[in-house]
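Shown next, in C-alpha cells, is the structure this report addresses.
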Amino acid sequence: MSNRIDYEKVLNPAQLDAVMTTQGPVLVIAGAGSGKTRTLVYRVARLVELGVEPESVLLLTFTRRAAQEMLERAATLSDPRCRFVSGGTFHGIAFRVLRRHAEKLGFSNSFTIMDRADMEEVIHALLPELQMPKGSARFPKRSTLANILSKASNLEVTVETLMEEEYGQFLEFCPQMNRLLHLYRDYKRGHQLMDYDDLIIYFRGLLAANEEVRRELSQQYGHIMVDEYQDTNAIQADIVHQLAGAHRNIMVVGDDSQSIYSFRGANYRNMFEFPERFPEVKIIKLEENYRSTQPILDFTNAIMARASEKYTKCLYTRKSGGETPAVIDTRTEPEQALFVCRHVKETLAQGRALRDLAVLFRAAYHSFELELELTRQGIPYVKYGGFKFMESAHIKDFLAHLRAIVNRDDAVSWGRILRLVKNVGHGKSQAIFKWMKTTGAPPDQVGHWPGQTQKDSGLKTLSQVISSLMSHETDPKGAVELLLEYYLPVLRDQFDDYPRRQREIEQLIPMAGRYRRLRGFIDDLVLEPPTSSADMDPDRKTDVLTLSTVHSAKGLEWPFVYIIWLMEGRFPQARAYVNPQAVEEERRLLYVASTRAKERLILCYPGREGAASWGGPAWNNGGVSSFVAGLPREVVRYETEASPSFTSGRERPLDLSPTPPSELRPGDRVSHPAFGPGVVSKLIEGNKVEVLFRNFGRKLLHLGYTSLEKA
DNA sequence: CATCACGCTGTTTTT
DNA sequence: CAGCGTGATG
C-alpha cells in the first residue's frame with residue numbers, strides 16, 4: 001500500500017522542479033545542506049508513483065550505504081517497491097556488467113577484483129624486474145607507485161605527464177615507471193585480475209565498443225540519477241553519457257565546492273561540462289540551506305569567498321539565531337583531546353545525547369590521541385574511515401583461500417595462502433604457483449607438488465582443505481565454517497592477539513549465510529565491504545559519539561560538530577609539497593566538514609608548536625589556522641588557551657614528559673595514543689620497549705617520542 | 001626461511 | 001618517530 005505524497009507541501013520550488021522534471025537531462029547544483037538527498041529520494045518516489053518500473057531506475061551513488069539509505073527512505077515515505085530500484089556505486093554496476101561480458105574483453109568471467117592492498121602487493125612483486133641501478137636515488141615506495149599508476153589511468157594521461165605535474169621529485173624515474181605500468185598491465189591480464197580503476201575503464205570501453213550491450217543497458221535503465229557528481233571523473237562522465245545518450249533521462253546532482261576526490265581523478269568541472277554533452281539540459285540550483293544556522297553559513301561562505309576558484313553559490317537559511325563558530329588553538333595535541341572531551345561532557349550535561357555529536361578530522365590517525373582520552377573518560381564512540389576491516393591481514397589471508405578457488409589464476413591469493421604453510425616462503429610459493437600453472441594441476445593438487453620436502457607437509461593439509469572447499473561452491477556459509485577450522489590454528493600461531501581477529505573472522509559466517517554462491521559472497525566483500533568493523537556492530541543504534549574522517553562524513557549531519565587537527569604542518573621536508581591546487585582542495589575539505597554542523601561548530605587545532613612534533617619547517621598546504629586567519633569577528637570567535645572556557649575546566653595537570661624506561665617493567669599495563677591498551681613484554685637497552693597491544697599485537701616503541709602512559 | 005640491526009625518509013582521503 | 005628496504009646471521 002503506497003502513501004500519497006503532497007510534493008508541494010514538502011519541497012521548495014526548486015526541489016519541486018527537480019522532482020517533477022522526470023524527462024530529459026537535469027543538472028542540479030546543490031549547496032551543502034540544501035536538501036539534495038531529499039530531492040533524490042522524492043524523485044525516486046515520484047518515478048515509481050508515475051508507474052516507472054523500480055528496476056529500470058538507476059541510482060548511482062558514492063557508497064553503497066548512501067544508495068541503500070535513500071531507497072529505504074523512499075520506500076518508507078511512499079511505495080515499498082522503491083526498494084527494488086537499482087542502486088549502487090559506479091564500481092558495483094561496472095562489475096556486474098563486466099562479469100557478464102568478460103569474454104568480450106578477453107577476460108574469463110572468473111576474474112577477481114584487486115583492492116588497493118592487492119595492487120600494492122603486485123607492484124611490489126614486479127619491482128625486481130625493473131632492474132634499478134644499485135645505489136641510485138630513492139625510488140618511490142609502493143603506495144606512491146600505486147597512487148601514480150592509479151591517478152594516471154583515472155585522469156587518462158601518461159605517466160610522464162602526471163609526474164611532471166605532480167611528482168616532480170620522481171621525474172628521473174619516468175622510464176622505470178613506464179616499464180612498471182606495462183608489467184603491471186600484463187600481470188593483471190595474465191592472472192585474471194582487475195583493479196578498481198580497470199572496472200571503470202573496461203566498463204566504458206565495453207559500452208563504447210559494443211552497441212548491443214549499450215542498447216541493452218540503456219533500455220534496462222530508462223531513468224538514471226547520479227549523486228555527488230562533482231566527485232566523478234571524466235571516465236565516469238563518459239559512462240553516464242553512454243548509458244543515457246539514447247533516452248536522455250538523466251539527472252546529475254552535485255556541489256562544486258564539495259569536490260574532495262581529486263586524488264581519484266575527480267574534477268568538479270565535470271559538472272560544468274555536463275551541459276555540453278546534454279545541451280537541452282535543465283539547470284536547477286538549490287541554494288537554500290535547511291541544515292545549519294546562519295552563523296555557520298556565514299563562516300563557510302567567508303572561507304569559500306577566499307577560494308582562488310569561484311564557486312557557484314552562496315548559502316543562506318531562514319533559521320534565525322545560533323552561535324558564531326569558535327576556533328581554538330589548544331597549543332598541543334593532548335590538550336586538544338582534553339578540550340574536546342570536556343566540551344563533550346558539558347554538552348551532555350546540557351541535555352544533549354552523544355549521538356548528536358561528531359568529531360571530524362582529515363586523516364584517521366588524527367583522532368588517536370582523542371580516542372585514548374575518550375576511553376580514559378569512559379565516553380563511548382564509533383569511528384568511520386581510516387582502517388579498513390577488509391584490509392586487515394587476517395581477513396585478507398582468510399578470504400584468499402576462497403578467492404584462490406574461484407580464480408585459480410589469482411597469483412596474489414595463492415601467494416598469500418601458500419606462504420601461510422609452515423616452511424613455505426616467498427621463493428617456494430612462487431615455484432608452486434608456477435608449477436600449477438604450467439602443469440594445469442587443479443587447486444586441490446598442491447599437495448602433489450614435486451619439489452616438496454618433509455618440512456612442508458602442511459601442503460598436504462592445504463590440499464585437503466581446498467578440495468573440500470571446492471565442493472562448497474553453493475554453500476558459502478559451510479565453506480567459511482570449514483575453512484575456519486583450518487585457519488584458526490594458523491591464526492593462533494601467527495598473531496598474539498588472535499582472539500580479536502578470530503572474532504572478526506567469525507563475523508563472516510552470518511554474512512556468508514546471505515549468499516547462495518561462494519563467488520557472489522567474495523565479490524561483494526571486495527567491492528562493497530562493510531566500511532569498518534564499526535559497521536558490523538549490530539548495536540549501531542546505541543547512543544555513541546561519532547568520530548569520522550571528513551571523506552567518510554560526506555552527506556551526513558550532526559547538531560554539534562567538532563573539527564580537529566586539519567592538516568597543520570607535521571612533516572619537516574614538506575616544503576616540497578606546497579601546491580596551490582592541494583591547498584584549494586584542503587579548503588573544500590574544511591568546507592565539507594564545517595557544513596556538517598546544524599547548530600554549533602567548534603574548530604580546534606594544536607597550534608604550531610603542537611603540530612610540528614619534532615621541529616623543522618611546517619608543512620604548508622593549509623590547515624585550520626591558515627584558512628581562518630584574519631576572518632572577521634562577526635564570522636568566527638577566536639579562543640586561546642587563555643580563555644576562561646578552556647583553562648578553568650582543565651581536569652588535571654598535563655604531564656607531557658615521556659615515561660622513562662626505568663619506570664616500566666615487564667607486565668606493566670600501558671596505554672598508547674595510537675595502539676590503545678597493552679602490556680609491556682620486554683625492555684630493550686636505551687629507550688626502547690616492546691609492548692604487546694591488545695588490538696595490534698607486538699610493537700617495538702621508542703620512548704621519549706611516544707606518549708606511552710602507565711595505565 | 002626467519003629474525004635482527006641498520007639506514008633512510010617523509011600526506012592524506014576511498015571505490 | 002615508524003615503516004620499509006637491505007644485508008647479515010641463525
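Treat the numbers as computed from the prediction; the structure is a model and nothing was measured. Order of the sequence lines fixes the chain letters, A, B, ..., with proteins taken first and strands second; residue numbering starts at 1 for each chain.
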### Query
So which one's nearest nucleotide on DNA chain B is more toward 5', A:Asn147 or A:Arg419?
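Counting from the 5' end, the first nearest nucleotide belongs to A:Arg419.
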
Calculate the interatomic distance between [X] atom [atom1] and [N] atom [atom2]; express it in whole Å.
| X | N | atom1 | atom2 | result |
| --- | --- | --- | --- | --- |
| A:Leu525 | B:dT15 | CG | P | 14 Å |
| A:Leu589 | B:dT14 | CG | P | 11 Å |
| A:Phe368 | C:dA2 | CZ | C1' | 12 Å |
| A:Asp197 | B:dT15 | CG | P | 13 Å |

### Query
Mind checking what makes salt bridge (charged side-chain N to carboxylate O under 4.0 Å, His left out) contact with A:Arg403, not counting sequence neighbours?
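A:Asp118, A:Asp410.
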
#### Entry: Pairing residues for A:Arg116 by the salt bridge (charged side-chain N to carboxylate O under 4.0 Å, His left out) criterion, not counting sequence neighbours
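Only A:Glu120 meet the salt bridge (charged side-chain N to carboxylate O under 4.0 Å, His left out) criterion with A:Arg116.
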
Go through the structure and list residues passing side-chain hydrogen bond (donor to acceptor under 3.5 Å, both in side chains) with [X], not counting sequence neighbours.
| X | value |
| --- | --- |
| A:Arg419 | none |
| A:Thr549 | A:Ser552 |
| A:Asp198 | A:Lys188 |

Protein N or O to nucleotides 8-10 of chain C N or O, pairs below 3.5 Å:
none

### Task
Quote, to the nearest angstrom, the P distance that separates C:dG5 from B:dT12.
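Comparing P positions in C:dG5 and B:dT12 gives a spacing of 16 Å.
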
### Message
Taking only side-chain N and O atoms of A:Ser552, does any of them lie within less than 4.0 angstrom of OP1 or OP2 on B:dT14?
### Response
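Result: yes.
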
### N/O (side chain, A:His124) to phosphate O (OP1/OP2, C:dG5) under 4.0 Å
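For C:dG5, OP1/OP2 do have a side-chain N/O of A:His124 under 4.0 Å.
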
### Query
Looking at residues 253-263 of chain A, who's got a heavy atom less than 4.0 Å off DNA chain B?
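When residues 253-263 of chain A is checked for heavy atoms under 4.0 Å from DNA chain B, the hits, listed by number, are A:Tyr261, A:Phe263.
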
#### Entry: ring pair (Phe, Tyr, Trp, His ring centres under 6.0 Å) against A:Phe521, all qualifying residues, sequence neighbours excluded
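If we apply the ring pair (Phe, Tyr, Trp, His ring centres under 6.0 Å) test to A:Phe521, skipping adjacent residues, the hits are A:Tyr515.
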
### Task
Apply ring pair (Phe, Tyr, Trp, His ring centres under 6.0 Å) to A:Phe95 and list each qualifying residue two or more places apart in sequence or on a separate chain.
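In terms of ring pair (Phe, Tyr, Trp, His ring centres under 6.0 Å), with neighbours along the sequence ignored, A:Phe95 is linked to A:Phe111.
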
### Query
Donor-acceptor pair, A:Thr63 side chain versus A:Ala66 backbone, under 3.5 Å?
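Flag set: sc A:Thr63 to bb A:Ala66 pair under 3.5 Å.
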
